[in-house]
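What follows is a short report on a single structure.
Proteins get letters first, then strands, A, B, ... in listed order; numbering begins at 1 in each. Everything numeric in this text was worked out from a predicted model, so none of it was measured.
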Number of protein chains: 2
Amino acid sequence: MTTSAQSFAISDVAALTGLSTHTLRYYERAGLMLHPIDRSSTSQRQYSEADVAWVTFLTKLRSTAMPIARVRDYVELARRGEDTSAARLELLLIHRMNVVAQVEEMTRSLAAIDFKIATYQERITV
Amino acid sequence: MTTSAQSFAISDVAALTGLSTHTLRYYERAGLMLHPIDRSSTSQRQYSEADVAWVTFLTKLRSTAMPIARVRDYVELARRGEDTSAARLELLLIHRMNVVAQVEEMTRSLAAIDFKIATYQERITV
DNA sequence: ATTTGACTTAGAGTGCACTCGAAGTCTTAT
DNA sequence: ATAAGACTTCGAGTGCACTCTAAGTCAAAT
């Protein structure tokens, strides 16, 4: 349920990001959010649109195998303010290289799998 | 076909595949080898070239996130003989779809990371 | 008024894939 | 002859990232 003030309940964010509410709370505890999420009068989390955008980006980092601890490093830099932006850029550039390497390795493995598949298909169709 | 009968010590296979000797023994214990590896008179493992080729392919399956249990399923089919080759092909085709999906997701995430990188680079160069 | 369901916390448990330790045997090098 | 180093087995330990439990609060729905 969204309120008129453009905030999102934890279940909304779960639905939007594909994370479970457990995982969202875990991420916050683990220091992966840029700040503690706002609470309602009944102390329920109210995610802003910016919070949702951050969680979405965070899932991109995670889906490219950035460890939780590295995400936390990034967040801690971000919390220290504008003068860490060069360090954050460097962190992202290093991660980018890792991602490219991962995609390349996957692609090489895919070629090997395709080769094996081709031998099976030969055996069946011949 | 050459019958050079070349065999490899576990340390050789480790060097060739990038796996540790611990992991190679673990894989054998976990039922990921097509058969128990031959032993020397001093009961040390002697991997054949075919064994090394299998370990190499196995690392391709693992590097594309096929779970150990799925690799074991594949191996158990292979051990049951020729009449399981259609099932093995199907298993590989399903895995192939997963790999393609993974690469696509990684590529999408990479685009998001690149977008973020671009915003940092703007901020720095401006 | 009661039930349903979402939410809260701290902390424990799970599953995966290694990874290592202990205690021992055997081979090779000095 | 001694030491170094590779190997063996069984089983325990590790690290990561969740994932769930228990015990409780709160608010809307029936």
Side-chain angles (χ1 to χ4, degrees), chain A residues 1-5 7-33 36-47 51-52 55 57-75 95 98 102 105-106 109, chain B residues 7-33 36-48 51-52 55 57-75 95 98 102 105-106 109:
Chain A
M1 263 209 307
T2 60
T3 74
S4 52
S7 80
F8 300 87
I10 194 168
S11 58
D12 298 328
V13 182
L16 288 168
T17 62
L19 299 174
S20 70
T21 57
H22 279 302
T23 300
L24 285 167
R25 284 187 287 261
Y26 163 71
Y27 280 179
E28 190 174 343
R29 252 181 298 150
L32 305 195
M33 300 306 294
I37 299 300
D38 288 346
R39 301 307 181 100
S40 69
S41 59
T42 58
S43 80
Q44 297 186 192
R45 285 175 179 77
Q46 290 183 306
Y47 291 76
D51 294 334
V52 175
V55 173
F57 183 65
L58 160 40
T59 63
K60 306 292 188 191
L61 297 178
R62 291 291 306 119
S63 74
T64 49
M66 182 183 285
I68 295 288
R70 191 80 39 83
V71 180
R72 183 163 44 226
D73 291 345
Y74 180 87
V75 167
H95 181 58
N98 295 338
Q102 282 178 68
E105 185 180 0
M106 279 233 170
S109 295
Chain B
S7 77
F8 300 87
I10 195 168
S11 57
D12 298 330
V13 182
L16 288 167
T17 62
L19 299 174
S20 71
T21 57
H22 278 301
T23 300
L24 284 166
R25 286 188 286 262
Y26 163 71
Y27 279 179
E28 189 174 343
R29 251 182 297 148
L32 305 195
M33 300 306 294
I37 299 302
D38 289 345
R39 300 307 180 100
S40 70
S41 58
T42 58
S43 80
Q44 297 185 193
R45 285 175 180 79
Q46 291 182 304
Y47 291 77
S48 70
D51 293 334
V52 175
V55 173
F57 184 65
L58 161 40
T59 63
K60 307 291 189 192
L61 296 178
R62 292 290 305 119
S63 74
T64 49
M66 183 183 284
I68 295 288
R70 191 81 39 82
V71 180
R72 184 163 44 227
D73 292 344
Y74 180 87
V75 167
H95 181 58
N98 296 338
Q102 282 178 70
E105 186 180 0
M106 280 233 172
S109 294

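Residue-level contact check: A/Ser20 touches neither bases nor backbone, having no heavy atom under 4.0 Å from any strand. At the heavy-atom level, A/Arg25 lies under 4.0 Å from base atoms of the strands shown. Using a 4.0 Å heavy-atom distance criterion, A/Arg62 is classed as a sugar-phosphate-only contact.
To the nearest angstrom, C1' of C/dT8 lies 14 Å from CD of A/Gln46. Per the geometry, CG belonging to A/Leu19 stands 14 Å off P belonging to D/dC20, to the nearest Å. As rounded to whole Å, 12 Å separates atom C1' of D/dT8 from atom CD of B/Glu28. Computed from coordinates, the B/Leu24 CG to C/dC20 C1' distance equals 15 Å when rounded to whole Å. The distance between atom CZ of A/Arg39 and atom C1' of C/dC7, rounded to the nearest whole Å, is 10 Å. Rounding to whole angstrom units, CD1 of residue A/Ile37 and P of C/dT9 are separated by 12 Å. Atoms CG (A/Leu58) and P (D/dA17) sit 12 Å apart, rounded to a whole Å. Taking atom CE of residue B/Met66 and atom C1' of nucleotide C/dA17, one finds them 16 Å apart after rounding to whole Å.
Here the side chain of A/Glu105 pairs no donor or acceptor atom with the backbone of B/Ser63 at under 3.5 angstrom. A donor-acceptor contact shorter than 3.5 Å is absent between the side chain of A/Gln44 and the backbone of A/Ala9.
For A/Tyr26, counting side-chain heavy atoms from C-beta on, the closest listed nucleotide (D/dC7, D/dT9, D/dC18) is D/dC18. Of the listed nucleotides (D/dA17, C/dT8, C/dA17), C/dT8 has the atom at the smallest distance from the side chain of A/Ile10. The listed nucleotides are C/dC20, D/dC7, D/dC18; the one nearest the side chain of B/Arg29 is C/dC20. For B/Thr23, whose side chain is taken as the heavy atoms from C-beta onward, the closest listed nucleotide among D/dT8, C/dT27, C/dC18 is C/dC18. Of the candidate nucleotides C/dA17, D/dA17, D/dC18, D/dC18 has the atom lying nearest to any side-chain atom of A/Tyr27.
Looking at heavy atoms from C-beta onward, A/Gln46 lies out of side-chain contact with A/Arg39 at the 4.5 angstrom threshold.
Here A/Ser43 does not reach the OP1 or OP2 of C/dC7: none of its side-chain N or O atoms lies under 4.0 Å away.
If B/Ala69 and A/Thr42 are placed on DNA chain C by their nearest nucleotide, the residue sitting closer to the 5' end is A/Thr42. Each of B/Gln44 and A/Arg45 was assigned the nucleotide of DNA chain C with the nearest heavy atom; the assignment lying further toward the 5' end belongs to A/Arg45.
Heavy-atom neighbours of A/Arg70 CZ from other residues, nucleotides or ligands within 6.0 Å: at or below the threshold of 12.
To the nearest 0.5 Å, the span separating CD on B/Gln102 from OG on A/Ser109 amounts to 10.0 Å.
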